[in-house]
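The next block holds one structure in the form of structure tokens; read it before the comments.
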2 protein chains.
Amino acid sequence: MQSSQAGGPKKRISESTIHRLSLYYRALSLLEKENYETVSSKELAKREKLTPAQVRKDLSFFGSFGTRGLGYPVTELKKRIATILGIDRVWRVALIGVGNIGSALVSYKEFAKQGFHIVKLFDNDQRKIGSNHKGMIVSDIANLEQELTEARIEVVVVAVPATVAQYIVDDVVRAGVKAILNFAPINLRVPEDVYLRNENMAMELEYLSFAMVNNHTPKRVK
Amino acid sequence: MQSSQAGGPKKRISESTIHRLSLYYRALSLLEKENYETVSSKELAKREKLTPAQVRKDLSFFGSFGTRGLGYPVTELKKRIATILGIDRVWRVALIGVGNIGSALVSYKEFAKQGFHIVKLFDNDQRKIGSNHKGMIVSDIANLEQELTEARIEVVVVAVPATVAQYIVDDVVRAGVKAILNFAPINLRVPEDVYLRNENMAMELEYLSFAMVNNHTPKRVK
DNA sequence: ACTAACATGTGAAATACTTCACAAGAAGTA
DNA sequence: TACTTCTTGTGAAGTATTTCACATGTTAGT
Ligand SMILES: NC(=O)c1ccc[n+]([C@@H]2O[C@H](COP(=O)([O-])OP(=O)(O)OC[C@H]3O[C@@H](n4cnc5c(N)ncnc54)[C@H](O)[C@@H]3O)[C@@H](O)[C@H]2O)c1
Ligand SMILES: NC(=O)c1ccc[n+]([C@@H]2O[C@H](COP(=O)([O-])OP(=O)(O)OC[C@H]3O[C@@H](n4cnc5c(N)ncnc54)[C@H](O)[C@@H]3O)[C@@H](O)[C@H]2O)c1
């Protein structure tokens, strides 16, 4: 019995909760492989270094999926979370910038497994345009807006140098794309209705550095 | 006048604050290039989509670096943050797994600019061992523990398949390394005194997907 | 020297998020 | 059926984080 309504849950869901859903999803995928039929919030928590209460609270925002005394049905819960996260469908993704990181992403099979299908590649380098990457031909960035629209792209991954990222994103926005994952270390401006996430590796390294220098006590739950 | 003591600040600093320091650092680097001498919390906030109060509060945990009526001295503050984050020095980094993502990271110059010098590469693929990547010879993972110690490695980046990541990390921990950045989509077990951060790209994509499906209202500060 | 405009640094208030703690349901046993 | 054990789902309590709001200090203009 799902207590959330069609069109999304009633109350604002925190970003942390959404991120943890990703963790639960991953854990459930593993549990499924290990032939677990059910799993308790305790076990799920242990596997992702969280507290059982946190797990139950997170899930409770979206409905009640478990059985008292027994736990959650693994396969069923995994499906539910996939639906909540919107990864029970295919998202058409375009990757812009087929360089070092871009090429790595194209070869990454996990994305497709989660429904993110890279179906278009763009670059401005004449040597790369027209070349074949994993069965895809690299398109010229010159026709970006039109090609994004024609290919019905829903998600764009930006893997170009920071200096040109904003111009490209402006085009992407003009093409009506509402979701962007950005790898360039720069804060991009997008309209209110466009979702933008940044993948900032320096940030994580700097956290490690800070922690070592300051003997930081991380919040180790459980 | 720094109100924090040697050995780290008095009160626990939140992870979010540390992450925002990374943002401030990046913004200040840009401001420096644009020849700004000082910057207000307002301007800094605008550039990183935060609130001025947040900026001031974050900085105030570490001291008072600004001048009323004027703002913060750009170059000076940048240096201070570098010291706080521990990136005013060189960190000796080893990269394990010279595959798609690993190769991309080796070529990434930004890391070195922030003090993270990749000085060792490891793999278990005979075709890769001994080969040259950006002037470095790929070492055999077989001697991992010993070589990490000999090379005085302080940070390890894990870019191997998820299936082998735990074994490798166990070795890394045995070698006395206290900081690990992991790209494998798996929850690694490390002792309490080892700092571990995960780079989880699926999580960000899944957030985008969730947001689109649920019309999520992100916390857009300011 | 006075005034107006700015902008920091910080307690206190407001929000947001996490954890507690327990009523209540389910399953197994006898 | 009665009893024990397990575990969910959730208000309420407890923490943590963010934002407010203002006293205090600085600069610049006249
Ligand atoms: N390499 C990494 O490990 C890494 C890690 C984190 C972030 N990043 C960021 O990701 C981005 C790409 O990094 P990279 O190492 O892959 O660089 P890269 O130079 O290897 O790749 C950039 C690609 O973008 C293309 N490009 C440049 N200008 C373009 C334009 N105007 N239109 C279309 N394509 C254009 C280039 O031809 C190239 O193929 C950078 O912003 C970098 O800071 C890289
Ligand atoms: N490619 C991506 O864009 C991407 C994105 C996010 C996360 N990841 C994760 O990063 C990791 C690496 O991904 P990839 O795409 O680079 O894979 P890859 O197969 O290209 O590279 C893996 C490398 O690890 C080496 N390796 C395998 N077993 C090893 C062992 N026991 N000891 C030492 N080296 C070993 C392989 O020889 C190879 O060079 C994976 O866990 C993947 O899930 C990759």
Side-chain angles (χ1 to χ4, degrees), chain A residues 1-4 9-21 23-24 31 36-74 76-77 80-81 216-222, chain B residues 1-4 9-21 23-24 31 36-74 76-77 80-81 216-222:
Chain A
M1 203 72 49
Q2 192 157 339
S3 74
S4 64
K10 277 185 272 282
K11 57 179 297 189
R12 206 189 161 272
I13 302 295
S14 79
E15 201 176 300
S16 336
T17 291
I18 303 166
H19 279 170
R20 282 190 300 266
L21 289 182
L23 298 181
Y24 304 149
L31 285 160
Y36 277 68
E37 301 234 315
T38 59
V39 64
S40 65
S41 58
K42 196 173 158 195
E43 172 69 15
L44 213 38
K46 195 180 127 214
R47 294 196 171 216
E48 293 298 336
K49 292 200 203 105
L50 303 164
T51 62
Q54 180 91 82
V55 173
R56 294 199 299 275
K57 181 65 93 180
D58 282 340
L59 295 176
S60 80
F61 291 135
F62 301 96
S64 65
F65 309 123
T67 306
R68 292 171 185 206
L70 195 58
Y72 301 92
V74 172
E76 159 83 1
L77 182 59
R80 295 296 201 114
I81 293 181
H216 191 241
T217 316
K219 205 161 104 188
R220 293 221 188 223
V221 271
K222 177 8 325 173
Chain B
M1 203 71 50
Q2 192 156 338
S3 73
S4 62
K10 276 186 272 287
K11 59 178 296 189
R12 209 192 157 269
I13 302 296
S14 78
E15 200 177 300
S16 337
T17 291
I18 303 167
H19 278 170
R20 282 190 300 266
L21 288 182
L23 298 181
Y24 304 149
L31 285 160
Y36 278 68
E37 302 233 313
T38 59
V39 64
S40 64
S41 57
K42 196 175 159 195
E43 172 68 15
L44 213 38
K46 195 179 128 216
R47 294 196 172 216
E48 294 298 336
K49 294 204 202 101
L50 304 163
T51 62
Q54 179 94 81
V55 173
R56 295 200 298 276
K57 182 65 94 182
D58 282 340
L59 296 177
S60 79
F61 292 136
F62 301 96
S64 66
F65 310 122
T67 307
R68 289 166 187 210
L70 193 58
Y72 301 91
V74 172
E76 160 81 1
L77 181 59
R80 295 294 201 116
I81 293 181
H216 192 240
T217 315
K219 208 161 100 187
R220 293 220 188 223
V221 270
K222 195 251 108 133

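Residue numbers begin at 1 in each chain, while the letters A, B, ... track the order of the sequences. All values reported here derive from a predicted model rather than from experimental measurement.
Nearest nucleotide to the A:Ser16 side chain, out of C:dT18, C:dT8, C:dC20: C:dT18. Counting only heavy atoms from C-beta on, B:Arg20 has its side chain closest to D:dT18 among D:dT18, C:dT18, D:dG9.
Position along DNA chain C of the nearest nucleotide to B:Gly69 versus A:Glu15 favours B:Gly69 as the more 5'-ward residue. Across the interface with DNA chain C, nearest-nucleotide mapping of A:Ser14 and B:Thr67 shows B:Thr67 to be the residue nearer the 5′ end.
Interatomic distance, B:His19 NE2 to B:Leu23 CG, rounded to the nearest 0.5 Å: 9.0 Å.
One can place CZ of A:Phe61 at 15 Å from C1' of D:dT8, the figure rounded to the nearest angstrom. Rounded to an integer number of Å, the gap from NE2 of B:His19 to P of D:dT18 is 12 Å. The CZ atom of A:Phe65 sits 18 Å away from the C1' atom of C:dG25 (whole-angstrom rounding). The nearest whole Å value for the distance from the CZ atom in A:Arg12 to the P atom in C:dT18 is 12 Å. Protein atom CG of B:Leu77 is 14 Å distant from nucleotide atom C1' of C:dA7, rounded to whole Å. The distance from atom NZ of B:Lys42 to atom C1' of C:dT8 is 14 Å, rounded to the nearest whole Å. Protein atom CG of A:Asp58 is 14 Å distant from nucleotide atom C1' of C:dA16, rounded to whole Å. Here D:dT18 presents its P atom at 17 Å from NZ of B:Lys49, a figure rounded to the nearest Å.
Residue A:Lys57 is classed as a base contact, given a heavy-atom separation below 4.0 Å to a base.
Taking 4.0 angstrom as the limit, B:Ser41 places a side-chain polar atom (N or O) nearer than this to OP1 or OP2 of C:dT8. Contact annotation: B:Gln54 side-chain N/O to D:dT19 OP1/OP2 distance is under 4.0 Å. Phosphate contact (OP1/OP2 of D:dT8, side-chain N/O of A:Ser64, threshold under 4.0 Å): absent. Side-chain N/O atoms of B:Tyr72 include one lying less than 4.0 angstrom from OP1 or OP2 on C:dG9.
Judged by distance alone with a 3.5 Å cut-off, no donor-acceptor contact links the side chain of A:Arg68 to the base of D:dT7. Side-chain to base pairing of A:Arg56 with D:dT8: no donor and acceptor N or O lie closer than 3.5 Å to each other.
In A:Glu15, the CD atom is crowded: over 12 heavy atoms of neighbouring residues, nucleotides or ligands sit closer than 6.0 Å.
Between A:Tyr24 and A:Val55 the shortest heavy-atom distance is OH-CA, 3.4 Å. Minimum heavy-atom separation, B:Arg12 to A:Thr217: NE-O, 3.0 Å.
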Stepwise, does the side chain to side chain contact (heavy atoms under 4.5 Å, CB included) test hold for B:Leu77 with B:Leu59? CA-CA 9 Å; B:Leu77 181 59; B:Leu59 296 177; 4.0 Å; yes
